[in-house]
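Only heavy atoms go into these numbers, but all of them, side chains included; no hydrogens, no water, no symmetry mates. Owing to the predicted nature of the structure, the values given are computational and were not obtained by experimental measurement.
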Amino acid sequence: MPSAGDYAAPRGERALAYLDAHLSARPFLELGRPTLADVSVFPFVAVAPGAGLPILEYEHIQTWLGRLAALPGFIAMPLVSRGR
């Protein structure tokens, strides 16, 4: 019987690929500036490596994570290294 990871991993990788493609044409998710969308998606992407998802492979996601971390007032999440 397949595990939950066998089911979820391909879907997670597809979501990351979609997000990476979306970010290839813009600095943030929408409006060209940080919005609630970025704040909402960031934690899920930041912890993806803990689920075995390879976010280091996604150049635009890495750049986006760096942009968010460079914002004034950014508070890092404990145990999250932004995928690096």
Exercise for the section: Begin with the C-alpha distance, continue with both residues' side-chain angles, and end with the deciding distance and a verdict on side chain to side chain contact (heavy atoms under 4.5 Å, CB included) for L23 and Y58. Expected result: CA-CA 10 Å; L23 289 166; Y58 299 99; over 6 Å; no

Practice task
In sequence, state the C-alpha distance, the side-chain angles, and the governing distance for L29 and L19, and then conclude on side chain to side chain contact (heavy atoms under 4.5 Å, CB included).
Solution key: CA-CA 9 Å; L29 292 178; L19 179 62; 3.3 Å; yes

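- With sequence neighbours left out, the side-chain hydrogen bond (donor to acceptor under 3.5 Å, both in side chains) criterion links H22 to R26, E30.
- For T35, the side-chain contact (heavy atoms from CB on, under 4.5 Å) test picks out L31, R33, A37, D38, with sequence neighbours left out.
- Summarising the geometry, atom CZ belonging to F28 is positioned 5.0 Å from atom CG belonging to L71; distances are rounded to the nearest 0.5 Å.
- Between A46 and P49, the shortest heavy-atom contact is O-CD, 3.4 Å.
- Between the side chain of Q62 and the backbone N or O of I55, at least one donor-acceptor pair lies under 3.5 Å.
- Nearest approach of D20 to I61, heavy atoms of both residues: OD1-N, 2.9 Å.
- Placement of L65 and F74 within a single hydrophobic cluster is found when ILVMFWY residues are connected by side-chain heavy-atom separations under 4.5 Å, directly or transitively.
- Residues G32 and P27 share a closest heavy-atom pair of O-CG, 4.0 Å.
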